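Report on one structure; see the data block that follows.
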Amino acid sequence: MPNITLPDGKIVNFPKKITGFQIAEKISKSLAKEAVVISINGKLKDLDSVIENDCSVKIFTSKNQEGLETIRHDTAHILAMAVQELFPKTQVTIGPVIENGFYYDFARKEPFTEDDLKKIEKKMGEIVDRDLITKREVWNREKAIKHFEKKGEIYKAELIKSIPDGEDVSIYFHGEWHDLCRGPHLSSTGKIGKFFKLTKVSGAYWRGDSRNEMLQRIYGTSWATQKDLDNYLIRIEEAEKRDHRKLGKEMDLYHFREESPGSVFWHEKGWALFQKLIDYMRMKQDEAGYKEINTPEVLDRSLWEKSGHWDKFGSNMYTSTTPDEKIFAIKPMNCPGCVEVFNQGLKSYKDLPLKMSEFGKVHRYEPSGALHGLLRVRAFTQDDAHIFCTEDQITKECLVVTNLILEIYKDLGFENVILKYSDRPDVRVGDDQVWDKAEAALLEAVKATKLEYTINKGEGAFYGPKIEFVLRDAIGRDWQCGTLQVDFNLPGRLGASYVDKDGAKKIPVMLHRALFGSLERFIGILIENYAGKFPFWISPLQTVVIPISEEFDDYAIKVSKEIKSSGISSIVDLKKHNLNYKIRDHSLAKIPLLLICGKKEVDTNSVTIRRLDSNKQENMELKKFLTTYSALNKAPSK
RNA sequence: GCCCUUGUAGCUCAGCUGGUAGAGCAAUUGAUUUGUAAUCAAUAGGUCCGCGGUUCGAAUCCGUGCGGGGGCACCA
């Protein structure tokens, strides 16, 4: 009879076979009430699975991630059931749990509307109220396939066919309605509660392949309590308020227009921010021994053929045909141009590592559906650099790059960084020995950062392994920014070489790296991270001087001039509006410092400071203001 | 690129089942000269995204193109 090991190590013997639910009851009444799912020897199972043999178990409630995910999975099932009750000809496909919720993909000719979502939600509530008991059956594979084919559920039948031999084909019943499912599920539909909401409908390809037909996906969110659901919805709203597309407009930073989808029209303030980031990077890279170069935007087709881009990425490249019918490509990457600079003149091993940086504007013809504000554009500026080095130098140079990246992220307010390490893909160039070396070198650099990292098997570039730097913003979202790639391919293809100690010509290794990735993208991330309230030193317009009445215009103009000559940006607001109006106006524009000037200030040669999001007033002598804020007008690490 | 959805003044939006457009803010002008988040009034402002169709008549209905949004696919 089973000896059950509980999470605290206690072993309890039961005289006969028992279910998870009965174990929970033995432990406590409240656990029995709240229990959602059980793990038996580490595998999640239904609470009413019968246990006959010795094992260790753990019972989860909705407070555990495992429990919550089970609830979400159940909600997805109820969604499918509700949809089939309302729209009988709809076929069900898959409905997994995702972060914060779930989705379910359906095959149906007519599109689901927003109204349908409301109806479906209501029906889901009814199903919960019916409190249908969950029943699990294991079916013979052939029987299951026939059954679903007969029902007209061709997708389900296809899914069953792809279940590996030896695995159970389990069917879950909620009343009459049933679905192929791995489980586990709650014991009845009533257990799920009504803390769910359907959020959106969209298209999704069957099995994620764009060659397949498109299904309709309904997304939903589901929680253990009403409070959790409310909090989640509030979180979504807060994130929407930070949307860089909304703030970019409100703060007058940039805009897009039809004539050039996916290309930014930078306004004065947005461009000021852009330039500040570049100034900052220049300083950091100069310190780190980079030499800044610049290469042509338009380059002859033959170069792209040699580099391999024409073949592999041609469909994403803009091209241009001249009046005399020559074909040029607008660069989608800076690397070939950079190699050309390396190739000019003879290089010695003494020149290595040679670090060349470039703020290169690249154009990529991205699919229209991929465009998204500043985060995914067709024309963007990379803070790119290429490091030419020997194989022996790879590890050290990778370490230097990762440290530089982390320092820069920290300066800009991102301390939470994780790494994604990708190794050799199936389709690749170069010997395995060289790959071994490159992967080991890069992995060593990853480990040296002591940061959390994931290994993405087979996702490296065709020319070498890579690391991607993912930063987590103020509200917990992840953004992929920087990248570091080891390249054994391109230098050879483009004929790069250096003269080694022994006088022989050798091919250098090239490291590609970008820290922000794309300036455009990074600015979008910055806006959302700070909700538009930038730290003083990168704020595109740092001060607005406001005279209390026309009488003090001259003083305000004088103050603003002095501020500007100390390197802090400033404008004077001479509009014919009252003080309250101007304070509101510039507060909404998220100007960090408003400087009020009236009689008192003129008399004492001072300004009264009002900081963004504070209604405190602080009077300060102009001289002191200039020294105080000049000191604050630079990166934290400086 | 694919599915769904959407496009009205500089911005945010209203405009029911077809009868050639409206608000608030912004702008301009005038009055007010203001001490910490919207002073008052007047004026001006629109190829209702483009093209084509249905209709006596289209912002409204249909087709198509372009752009935006949500996803999917893509992301060197």
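As a basis for the values below, the full set of heavy atoms in this structure was taken, side chains included, without hydrogen atoms, waters or symmetry mates. Lettering follows sequence order; numbering is per chain, from 1. All figures in this text were calculated on a predicted structure; none of them were measured in a lab.
Contacts of A/F256 with the nucleic acid, taken as non-hydrogen atoms under 4.0 Å apart, are absent. Residue contacts for A/H586: at a heavy-atom cut-off of 4.0 Å it reaches no nucleic acid atom on any strand shown. If you check every strand for non-hydrogen atoms under 4.0 Å, A/L594 touches nothing. Nucleic acid contact class of A/E601 (heavy atoms, under 4.0 Å, all strands): base. Counting any heavy atom pair closer than 4.0 Å across all strands shown, A/A461 reaches no nucleic acid atom. Within the nucleic acid shown, A/Y219 comes within 4.0 Å of sugar-phosphate atoms alone, with no base atom in reach, counting heavy atoms only. Within the 4.0 angstrom heavy-atom criterion, no nucleotide atom of any strand lies near A/D585. Among the atoms of the strands shown, only primed sugar atoms or phosphate atoms (P, OP1, OP2) are found under 4.0 Å from some heavy atom of A/P261. As judged by a 4.0 angstrom heavy-atom cut-off over every strand, A/T608 is placed among the base-contacting residues.
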Walk me through it: do A/Y421 and A/Y453 pass the test ring-ring contact (aromatic ring centres under 6.0 Å, His included)? CA-CA 7 Å; A/Y421 169 82; A/Y453 67 93; 7.3 Å; no
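Between B/A76 and B/G71, the distance separating the two C1' atoms is 24 Å to the nearest Å. The gap from the C1' atom of B/G15 to that of B/A27 amounts to 24 Å, rounded to the nearest Å. Across the C1' atoms, B/U17 and B/G63 are found 22 Å apart, a figure rounded to whole Å. Distance check on atom P: B/C49 versus B/U60 gives 8 Å, rounded to whole Å. B/G10 sits 10 Å from B/G45 when the C1' atoms are compared, rounded to a whole Å. With C1' as the reference atom, B/C40 and B/U47 are 36 Å apart, rounded to whole Å. B/G50 and B/U12 have their C1' atoms separated by 24 Å, given to the nearest Å. For B/U5 and B/A41, the P atoms lie 44 Å apart once the distance is rounded to whole Å.
Here the nucleotide nearest the side chain of A/N580, chosen from B/U39, B/U32, B/G71, is B/U39. Checked against B/A37, B/A73, B/G35, the side chain of A/R584 finds its nearest nucleotide in B/A37. Comparing B/G1, B/C2, B/U36 against the side chain of A/S368 picks out B/G1 as the nearest. Of the candidate nucleotides B/U33, B/G35, B/C2, B/G35 has the atom nearest to the side chain of A/I548. The side chain of A/K599 approaches B/G35 more closely than any other nucleotide in the set B/A73, B/U36, B/G35. Closest contact between the side chain of A/L371 and the listed nucleotides B/G68, B/U34, B/A73 involves B/G68. Ranking B/A76, B/A73, B/G35 by closeness to the A/Q485 side chain, first place goes to B/A76.
Here A/R245 reaches the OP1 or OP2 of B/G69: one of its side-chain N or O atoms lies under 4.0 Å away. Look at A/Y581 and you'll find a side-chain N or O under 4.0 angstrom from OP1 or OP2 of B/A26. A sub-4.0 Å separation between OP1 or OP2 of B/U39 and a side-chain N or O of A/N578 is present. Listed pair A/H577 / B/U33 fails the phosphate criterion, with no side-chain N or O lying under 4.0 Å from OP1 or OP2. Side-chain nitrogen and oxygen atoms of A/K200 include at least one within less than 4.0 Å of the OP1 or OP2 phosphate oxygen of B/G71. One finds no side-chain N or O of A/R211 lying less than 4.0 angstrom from the OP1 or OP2 phosphate oxygen of B/C72.
Salt bridge A/E240/A/K246: absent, no basic N to carboxylate O contact under 4.0 Å. Using a 4.0 Å cut-off between charged nitrogen and carboxylate oxygen, A/E305 and A/R301 count as a salt-bridge pair. At a threshold of 4.0 Å, the pair A/R72-A/E69 does not count as salt-bridged, since none of the basic side-chain nitrogens sits closer than that to a carboxylate oxygen. With respect to A/K361 and A/E297, no salt bridge is recorded, no charged nitrogen being found less than 4.0 Å from a carboxylate O.
Judged by distance alone, with hydrogens and angles left aside, A/R376 brings a side-chain donor or acceptor within reach of the base of B/C75, the pair sitting under 3.5 Å. With hydrogens and angles ignored, no donor-acceptor pair under 3.5 angstrom links the side chain of A/Y365 to the base of B/G1. Between the side chain of A/R610 and the base of B/A37, at least one donor-acceptor pair of N or O atoms lies under 3.5 Å. Evaluation of atom-type donor-acceptor distances gives no pair under 3.5 Å for the side chain of A/E551 against the base of B/U33. The base of B/C74 is not paired with the side chain of A/R364 by any donor and acceptor separated by under 3.5 Å.
The aromatic ring centres of A/F102 and A/Y104 sit 6.0 Å or more apart.
Pair assignment for B/A27: B/U43, on the basis of Watson-Crick or G-U wobble contacts that are both within less than 3.5 Å. Pairing for B/U36 is absent, judged as Watson-Crick or G-U wobble with the two contacts each under 3.5 Å.
The interatomic distance linking A/E520 (CD) with B/C75 (P) rounds to 21 Å, in whole Å.
Remark: side-chain polar atoms of A/N343 are not paired, donor with acceptor, to backbone N or O of A/E340 under 3.5 angstrom. Of the possible donor and acceptor atoms, none in the side chain of A/E121 sits under 3.5 Å from a partner among the backbone N and O of A/K197.
Classification of the A/Y530-A/F414 ring pair by plane angle, with boundaries at 30° and 60°, yields tilted. Using cut-offs of 30° and 60° for the angle between ring planes, the A/F87 and A/F112 rings count as perpendicular.
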Output one letter per nucleotide in nucleotides 7-14 of chain B: B when a protein non-hydrogen atom lies under 4.0 Å from the base, S when only the sugar-phosphate is that close, - when neither is. B---SS--
